[in-house]
Amino acid sequence: MALDADLVLEGGGVKGIALVGAVAVLEERGYRFHRVAGTSAGAIVGALVAAGVPSQRLREIMEQLDYRRFRDGSWLTRLGLPGQLLTLLRRSGVYRGDELRDWLREVLDDAGVRTFADLRLDDPGAAVPPAETYRLVVMASDISQGSLRRLPWEYDRYGITADEVEVVDAVRASMSLPYFFRPVRLHDRVAGQRAWLVDGGMLSNFPVGVLDRHDGQAPRWPTIGLKLSVRADAAQGVRHPIGGVWSMSRAMLGTLTGFYDRIHLEREDVLARTIFIDTGKVRTTDFDLDRAAAQQLYDNGRAAAQKFLDGSDDRPAWDFDDYIRRFRQPAAVAPPPDADPGTRPA
């Protein structure tokens with residue numbers, strides 16, 4: 001029997017292979033994903049899931065991927081640190097991000113998906129605004145306005161028709177790791193200025209509440225979150241040794257993202273529906289990740305999903321009916337910090 005669910009995927013660069021392992025187990029247990037939200041690497045995997053790419057094919061795609069190809073800088077970047085610094089100063093990012101966009105476009109084309117019109121959601125039972133009727137939404141940070149942007153929902157702000165936007169363009173904005181990839185630039189017609197979009201993880205690396213409904217009604221199905229950390233408090237107390245401008249920048253980004261996510265993870269209802277995946281010491285930008293490490297990440301994703309569904313010594317097996325009784329009765333419903341008022345099924 002098919003089980004409907006919405007899915008939220010945390011960002012984490014090359015660690016995204018762990019998300020694939022968890023998705024595979026959920027799919028094997030009968031889950032089909034109605035809507036998907038993600039940030040950065042979560043946006044990449046989320047786009048493929050929303051496009052209907054089956055988990056086995058998804059695993060093959062991610063296993064065959066050579067992450068090093070995404071370091072697509074100019075000839076200057078091959079000169080080492082001096083060239084990279086000069087490129088950063090000139091372009092506001094060392095790498096173009098074109099290789100990632102081209103790779104993802106090819107994979108999505110094979111799945112029959114090019115623009116967001118291909119991901120329009122036909123759901124007569126939904127009560128969502130027309131701008132949100134898509135199978136995919138990804139997070140980007142508009143640093144010009146200091147605001148989180150949910151794409152394609154908010155493309156109208158930039159004078160763009162969402163149905164005409166290629167899915168890869170939204171994902172490219174979501175994974176624009178500051179300094180590493182060049183920002184995506186659009187014209188903000190509301191603010192009347194140029195907008196710079198960078199990695200959504202600056203403001204919401206784990207947008208767990210973005211697909212929830214907050215009208216006092218119980219959700220029709222669960223929203224399951226996949227988080228790339230072994231425990232709920234993984235972002236707390238992280239130390240950031242600082243010895244210069246680069247390490248200071250990393251520390252600021254890490255502190256900002258960690259703080260925002262801790263707000264979510266203080267909520268018991270979020271903990272109850274989140275799969276925590278151990279990614280060890282793998283870093284977001286470990287583009288030289290070898291096959292053994294990638295396999296370990298995938299296996300860890302599978303193990304975490306199995307533990308979530310079947311239960312373990314430290315948590316009961318996932319039970320949606322019990323979740324509804326505990327957290328989604330009218331008196332218990334409260335929107336998480338990243339949610340807007342409105343009606344969204346989840």
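Just so it is clear, the values below take in all heavy atoms, side chains as well, and ignore hydrogens, waters and symmetry mates.
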Trainee: In terms of side-chain heavy atoms, does Ser55 have a donor or acceptor partner in Arg59 at a distance below 3.5 Å?
Mentor: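 Short answer, no.
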Trainee: Minimum heavy-atom separation for Arg194 to Leu186, with atom names?
Mentor: CD-O, 3.1 Å
Trainee: Could you pull out all residues at least two apart from Thr161 that satisfy side-chain hydrogen bond (donor to acceptor under 3.5 Å, both in side chains)?
Mentor: none
Trainee: Looking at OG1 of Thr223 and CG of Asp212, how far apart are the two atoms once the value is rounded to the nearest 0.5 Å?
Mentor: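 Output value for this atom pair is 5.0 Å.
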Trainee: Might you point out which heavy atoms bring Pro183 and Trp196 nearest each other, and give the distance in Å?
Mentor: CG-CE3, 3.6 Å
Trainee: Just jot down the salt bridge (Lys or Arg N to Asp or Glu O under 4.0 Å) partners of Asp188, sequence neighbours excluded, or say none.
Mentor: Arg157
Trainee: Main chain of Thr279, side chain of Asn300: is a donor-acceptor contact present, judged purely on distance under 3.5 Å?
Mentor: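 The answer is no, because no donor-acceptor pair under 3.5 Å joins these two groups.
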Trainee: Report the distance from atom CG of Asp269 to atom OG1 of Thr274, rounding to the nearest 0.5 Å.
Mentor: 8.5 Å
Trainee: Following the transitive rule for hydrophobic clusters with a side-chain heavy-atom cut-off under 4.5 Å over Ile, Leu, Val, Met, Phe, Trp and Tyr, establish whether Leu121 and Leu136 coincide in one cluster.
Mentor: no
Trainee: Restricting to side-chain contact (heavy atoms from CB on, under 4.5 Å), what partner residues turn up for Val107, sequence neighbours left out?
Mentor: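 With sequence neighbours excluded, Val107 shows a side-chain contact (heavy atoms from CB on, under 4.5 Å) to Leu48, Ile61, Trp103, given in chain and number order.
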Trainee: Passes side chain to side chain contact (heavy atoms under 4.5 Å, CB included), Lys15 versus Glu10? Steps please.
Mentor: CA-CA 10 Å; Lys15 296 185 286 185; Glu10 185 181 33; over 6 Å; no
Trainee: Is the shortest side-chain heavy-atom distance between Val168 and Asp102 below 4.5 Å?
Mentor: no
Trainee: Which residues pass the salt bridge (Lys or Arg N to Asp or Glu O under 4.0 Å) test with Asp110, not counting sequence neighbours?
Mentor: none
Trainee: For Gln296 and Ala292, indicate whether the former's side chain and the latter's backbone hold a donor-acceptor pair under 3.5 Å.
Mentor: no
Trainee: How far apart are the C-alpha atoms of Leu271 and Phe276, what are their side-chain angles, what is the distance that settles it, and do they pass the side chain to side chain contact (heavy atoms under 4.5 Å, CB included) test?
Mentor: CA-CA 9 Å; Leu271 298 177; Phe276 294 93; 3.9 Å; yes
Trainee: Determine yes or no for a side-chain-to-main-chain donor-acceptor pair under 3.5 angstrom, with Arg283 supplying the side chain and Gly13 the backbone.
Mentor: no
Trainee: With rounding to the nearest 0.5 angstrom, report the CG to CD1 distance, Leu9 to Ile224.
Mentor: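 Reported to 0.5 Å precision, the distance equals 11.0 Å.
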Trainee: Who passes side-chain contact (heavy atoms from CB on, under 4.5 Å) against Ala22, sequence neighbours left out?
Mentor: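 With sequence neighbours excluded, Ala22 shows a side-chain contact (heavy atoms from CB on, under 4.5 Å) to Leu226, Ile277, Ala305, given in chain and number order.
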Trainee: For residues 294-305, which residue pairs pass the salt bridge (Lys or Arg N to Asp or Glu O under 4.0 Å) check, not counting sequence neighbours?
Mentor: Glu28-Arg302
Trainee: Looking at side-chain heavy atoms only, is the closest gap between Ile324 and Pro219 below 4.5 Å?
Mentor: yes
Trainee: Apply salt bridge (Lys or Arg N to Asp or Glu O under 4.0 Å) to residues Arg273 and Asp6 and explain how you reach the verdict.
Mentor: CA-CA 11 Å; Arg273 56 176 166 153; Asp6 289 340; over 6 Å; no
Trainee: When you compare the side chain of Val137 with that of Glu132, does any pair of heavy atoms fall below 4.5 Å?
Mentor: no
Trainee: Sequence neighbours left out, what passes side-chain hydrogen bond (donor to acceptor under 3.5 Å, both in side chains) with Tyr158? Give chain and number order.
Mentor: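 side-chain hydrogen bond (donor to acceptor under 3.5 Å, both in side chains) list for Tyr158, sorted by chain: Asp142, Arg149.
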Trainee: Under the side-chain hydrogen bond (donor to acceptor under 3.5 Å, both in side chains) rule, collect the residues that match up with Thr115, sequence neighbours excluded.
Mentor: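 Not a single residue meets the side-chain hydrogen bond (donor to acceptor under 3.5 Å, both in side chains) criterion with Thr115.
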Trainee: What's the shortest heavy-atom distance between Ala162 and Tyr134, and which atoms?
Mentor: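 Where Ala162 meets Tyr134 most closely, the heavy atoms are CB-OH, 3.4 Å.
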Trainee: Do you know which two heavy atoms are closest between Tyr298 and Ala24, and how far apart they sit?
Mentor: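 Closest pair (atom of Tyr298, atom of Ala24, distance): OH-CB, 3.6 Å.
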Trainee: For residues Asp163 and Tyr155, is any side-chain donor paired with an opposing acceptor at under 3.5 Å?
Mentor: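 No pair is found: no donor N or O on one side chain lies under 3.5 Å from an acceptor on the other.
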Trainee: Would you sort out whether Tyr323 and Trp318 count as a ring-ring contact (aromatic ring centres under 6.0 Å, His included), showing the intermediate values?
Mentor: CA-CA 8 Å; Tyr323 173 85; Trp318 167 249; 5.7 Å; yes
Trainee: Group every Ile, Leu, Val, Met, Phe, Trp and Tyr by side-chain heavy-atom contacts under 4.5 Å, then state whether Val184 and Val190 land in the same group.
Mentor: no
Trainee: Could you tell me whether a side-chain N or O of Arg135 sits under 3.5 Å from a main-chain N or O of Asp118, the two making a donor and an acceptor?
Mentor: no
Trainee: Working to the nearest 0.5 Å, report the span between CZ of Arg315 and CG of Asp310.
Mentor: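 So the CZ of Arg315 and the CG of Asp310 are separated by 11.5 Å.
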Trainee: With salt bridge (Lys or Arg N to Asp or Glu O under 4.0 Å) as the criterion, how do Arg326 and Asp319 come out once you've worked through the C-alpha distance, each side chain's angles and the decisive distance to 0.1 Å?
Mentor: CA-CA 11 Å; Arg326 293 173 61 195; Asp319 185 327; over 6 Å; no
Trainee: Holding to side-chain contact (heavy atoms from CB on, under 4.5 Å), I want the full list of residues that pass it with Thr133, two or more places apart in sequence or in another chain.
Mentor: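 In terms of side-chain contact (heavy atoms from CB on, under 4.5 Å), with neighbours along the sequence ignored, Thr133 is linked to Arg120, Val128.
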Trainee: Which heavy-atom pair separates Val49 from Leu58 by the least distance, and what is that distance?
Mentor: CG2-CD2, 4.0 Å
Trainee: Let me confirm one number: the CD1-CG distance from Ile17 to Leu289, rounded to the nearest 0.5 Å.
Mentor: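 One gets 9.0 Å once the value is rounded to the nearest 0.5 Å.
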Trainee: Can you list, pair by pair, the side-chain donor-acceptor contacts under 3.5 Å of residues 39-47, counting residues two or more places apart and other chains?
Mentor:
unit_1, atom_1, unit_2, atom_2, d
Thr39, OG1, Ser204, O, 2.8
Ser40, OG, Asp199, OD2, 3.2

Trainee: Please test Leu3 against Trp221 for side chain to side chain contact (heavy atoms under 4.5 Å, CB included), starting from the C-alpha separation and ending with a verdict.
Mentor: CA-CA 8 Å; Leu3 302 170; Trp221 47 71; over 6 Å; no
Trainee: List in chain and number order the residues that pass side-chain hydrogen bond (donor to acceptor under 3.5 Å, both in side chains) with Asp169, two or more places apart in sequence or in another chain; answer none if no residue qualifies.
Mentor: Arg101
Trainee: For Arg220 and Asp4, what are the C-alpha separation, side-chain angles and deciding distance, and is it a side chain to side chain contact (heavy atoms under 4.5 Å, CB included)?
Mentor: CA-CA 9 Å; Arg220 295 178 292 169; Asp4 283 316; over 6 Å; no
Trainee: Is the closest side-chain heavy-atom distance between Phe116 and Leu151 below 4.5 Å?
Mentor: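 The answer is no; the side chains never approach within 4.5 Å.
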Trainee: Out of curiosity, Leu197 CG to Gln145 CD, how far, rounded to the nearest 0.5 Å?
Mentor: 11.0 Å
Trainee: If every non-hydrogen atom of Ser312 is compared with every non-hydrogen atom of Lys307, which pair is closest and at what distance?
Mentor: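 Here Ser312 and Lys307 meet closest at OG-CE, 3.0 Å.
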Trainee: Not counting sequence neighbours, which residues clear salt bridge (Lys or Arg N to Asp or Glu O under 4.0 Å) with Arg114? List them please.
Mentor: Asp109, Glu166
